[in-house]
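This report refers to the structure that appears directly beneath it.
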Amino acid sequence: MILTRDFYERDTLTVAKELLGKVIVHETSEGLTMGKIVETEAYIGPEDEASHAYRNLRTPRTEVQFGPKGHAYIYLVYGMYYCLNATSGRLAGKPEAILVRALEPLGGIEIMLRRRDVSNGNAANLTNGPGRLCMAMGLTKKQNAADLCFSPLHIDVGEVVDEEDIAQSTRVKVDHADEWRDRPWRFYVRNNKFVSKL
DNA sequence: TGCACGATTCTCT
DNA sequence: GAGAATCGTGCAA
C-alpha cells in the first residue's frame with residue numbers, strides 16, 4: 001500500500017524517523033526495483049545552513065522543496081552522483097526535505113547489480129549510500145519532482161521499525177562550523193548492514 | 001561570463 | 001587514507 005500525502009505533511013524529523021522500514025519502489029522499462037529505507041537525514045528549510053534552501057534560497061534546483069510535500073527532490077552532486085530526497089513538513093511552502101542515505105535491497109536485485117556494474121561482486125555495497133542507491137534504483141534528474149504518492153516512483157508502507165532499533169546521530173558530511181553541524185538529524189536502523197556509515 | 005566547489009564514490013597506496 | 005573524476009549551481013564581477 002502506498003503512503004498517502006498526509007504521511008509527509010507532518011514534522012520533518014518525525015517523518016524522517018518513520019521513513020525507516022518503508023519501501024521505495026521504482027517501476028521502469030527495465031523492471032521493478034524495491035528497497036527498504038534503513039537510513040535518512042533531515043534538512044530543515046531556511047534556518048539550516050546545510051540545506052540547499054538555506055535562507056529560503058529559491059532557485060530552479062530547490063523549487064521542488066517549496067512545492068507540495070511527498071514529492072521527490074533529486075539533485076546532482078559532485079557532477080556525477082544523484083541524491084534522493086522526499087519533501088516533507090507541516091507548513092506548506094516551507095522547504096524541508098529528507099535525504100535517503102541507504103536502502104536494503106528487496107527486489108529487482110539483478111537489475112541493481114547491472115546498473116551498479118558491481119565489479120567486485122560485493123552486493124552489500126549495492127545501495128549503502130545516497131549516490132549508490134540512486135544508481136541501483138535507476139534514479140536521475142528525470143525523476144525529480146515526481147509525486148511519491150502516485151508515480152512509478154513511490155514509497156510503500158513497509159514494516160514498522162521498533163523504537164529500540166532506531167539509532168540517531170549527527171549528519172554525515174556536514175562540516176559547517178556552526179550550531180547546525182551537531183544536530184542529531186540522521187536516523188538509521190541499528191545493526192543493519194546496509195547503513196552507509198556507523 | 002567566469003569560477004570555485006559540493007548532502008559522493010571509486011581506485012590506488 | 002589520499003586524490004581523482006566531473007558538471008550544475010550560486011555568486012562575484
Side-chain angles (χ1 to χ4, degrees), chain A residues 8 12-13 15-17 19-20 24 35 37-67 69 71-89 94-105 112-146 148 153 155 167-189 193-198:
Chain A
Y8 302 95
T12 291
L13 290 178
V15 181
K17 188 169 164 181
L19 269 178
L20 297 176
I24 298 182
I37 300 174
V38 297
E39 182 179 356
T40 61
E41 276 181 9
Y43 286 84
I44 309 293
E47 63 262 39
D48 181 0
E49 189 174 313
S51 167
H52 289 157
Y54 178 52
R55 289 177 308 190
N56 256 326
L57 185 65
R58 187 167 184 160
T59 65
R61 179 174 65 155
T62 62
E63 183 62 30
V64 184
Q65 294 198 50
F66 291 83
K69 314 304 182 186
H71 282 242
Y73 169 51
I74 300 179
Y75 63 91
L76 183 69
V77 274
Y78 295 101
M80 55 182 79
Y81 298 112
Y82 292 99
C83 288
L84 169 67
N85 299 247
T87 59
S88 63
K94 186 181 179 194
E96 301 185 359
I98 299 161
L99 170 68
V100 180
R101 288 193 56 87
L103 299 175
E104 176 178 333
M112 293 186 186
L113 286 168
R114 205 181 323 133
R115 285 182 181 143
R116 288 273 291 121
D117 189 26
V118 180
S119 50
N120 54 11
N122 189 356
N125 290 334
L126 218 44
T127 54
N128 58 342
R132 290 168 172 174
L133 72 89
C134 281
M135 265 185 273
M137 296 290 290
L139 300 174
T140 68
K141 248 193 153 105
K142 289 193 186 107
Q143 281 76 35
N144 187 39
L148 296 173
L153 175 62
I155 302 183
Q168 197 170 354
S169 77
T170 54
R171 292 177 294 189
V172 175
K173 196 65 179 83
V174 176
D175 298 327
H176 303 282
D178 73 333
E179 60 173 309
W180 301 103
R181 174 188 52 191
D182 298 322
R183 293 297 168 106
W185 286 353
R186 168 173 180 249
F187 301 90
Y188 60 94
V189 179
K193 67 174 180 178
F194 295 98
V195 168
S196 67
K197 291 176 186 172
L198 298 177

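Throughout, a chain's letter reflects where its sequence line sits, starting with A, and its residues are numbered from 1. For the numbers below, each heavy atom of this structure counts, side chains included, while hydrogens, waters and symmetry mates do not.
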Quick check on [N]: is either OP1 or OP2 less than 4.0 Å from any side-chain nitrogen or oxygen of [X]?
| X | N | result |
| --- | --- | --- |
| A:R101 | B:dT8 | yes |
| A:R61 | B:dG6 | no |
| A:R132 | B:dC10 | yes |

Quick one: the dot-bracket string of DNA chain C, using Watson-Crick and G-U wobble pairs with both distances under 3.5 Å, [ ] for crossing pairs and | for bases paired to another strand. |||||.||||||.
Side-chain touch A:I74/A:N85, heavy atoms, less than 4.5 angstrom: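 A:I74 vs A:N85: side chains apart.
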So A:R186 and A:S196, do their side chains get closer than 4.5 Å, heavy atoms only?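 Side-chain contact under 4.5 Å: yes.
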Side-chain donor or acceptor of [X] paired with backbone N/O of [Y] under 3.5 Å:
| X | Y | result |
| --- | --- | --- |
| A:T87 | A:H71 | yes |
| A:Q65 | A:T62 | no |
| A:R171 | A:E41 | no |

[X] [atom1] - [N] [atom2] separation (whole Å):
| X | N | atom1 | atom2 | answer |
| --- | --- | --- | --- | --- |
| A:E41 | B:dT8 | CD | C1' | 12 Å |
| A:I74 | B:dT8 | CD1 | P | 16 Å |
| A:Y82 | B:dT9 | OH | C1' | 15 Å |
| A:L139 | B:dA7 | CG | P | 19 Å |
| A:L126 | B:dC10 | CG | P | 11 Å |
| A:W185 | B:dA7 | CH2 | C1' | 14 Å |
| A:Y54 | B:dA7 | OH | P | 14 Å |
| A:M80 | B:dC5 | CE | C1' | 13 Å |

On a heavy-atom basis, which atom in A:E39 and which in A:L20 lie closest, and how many Å separate them?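 Reported closest heavy-atom pair: N-CD2, 3.6 Å.
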Any base atoms under 4.0 Å from A:R55, or only sugar-phosphate, or nothing? Heavy atoms, all strands.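 If one applies the 4.0 Å heavy-atom cut-off, A:R55 turns out to touch the sugar-phosphate alone, with no base involved.
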Is A:D48 salt-bridged to A:R55, going by a charged N under 4.0 Å from an acidic O?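 Salt bridge: no.
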I'd like the 5' and 3' limits of the part of DNA chain C contacted by chain A, with heavy-atom contacts below 4.0 Å.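 Boundary nucleotides touching chain A, in 5' to 3' order, are C:dA5 to C:dC11.
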Begin from the C-alpha positions of A:Y82 and A:L139 and carry the test side-chain contact (heavy atoms from CB on, under 4.5 Å) through to its verdict. CA-CA 7 Å; A:Y82 292 99; A:L139 300 174; 5.7 Å; no
Closest to the A:Y81 side chain, choosing from B:dG6, B:dA7, B:dC10: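 Out of B:dG6, B:dA7, B:dC10, the nucleotide with an atom closest to A:Y81's side chain is B:dC10.
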For residues 127-136 of chain A, which side-chain N or O atoms pair as donor and acceptor with protein atoms under 3.5 Å away, sequence neighbours left out?
residue	atom	partner	partner atom	Å
A:T127	OG1	A:L103	O	2.6
A:N128	OD1	A:R132	NH1	2.9
A:N128	ND2	A:N125	OD1	3.3

Tell me yes or no: between the side chains of A:H52 and A:Y43, is some donor less than 3.5 Å from an acceptor?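 No donor-acceptor contact under 3.5 Å links the two side chains.
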Roughly how many Å apart are B:dC5 and C:dG3, using the C1' atom of each and rounding to a whole number?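 Each nucleotide's C1' atom is 16 Å from the other's.
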Separation of the P atoms in C:dA4 and B:dA4, to the nearest angstrom: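 My reading of the P atoms in C:dA4 and B:dA4 gives 16 Å.
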Return the stacking result for B:dA7 and A:Y75: yes when the ring centres lie under 5.5 Å apart and the planes under 30°, no otherwise.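 A:Y75 vs B:dA7: stacking no.
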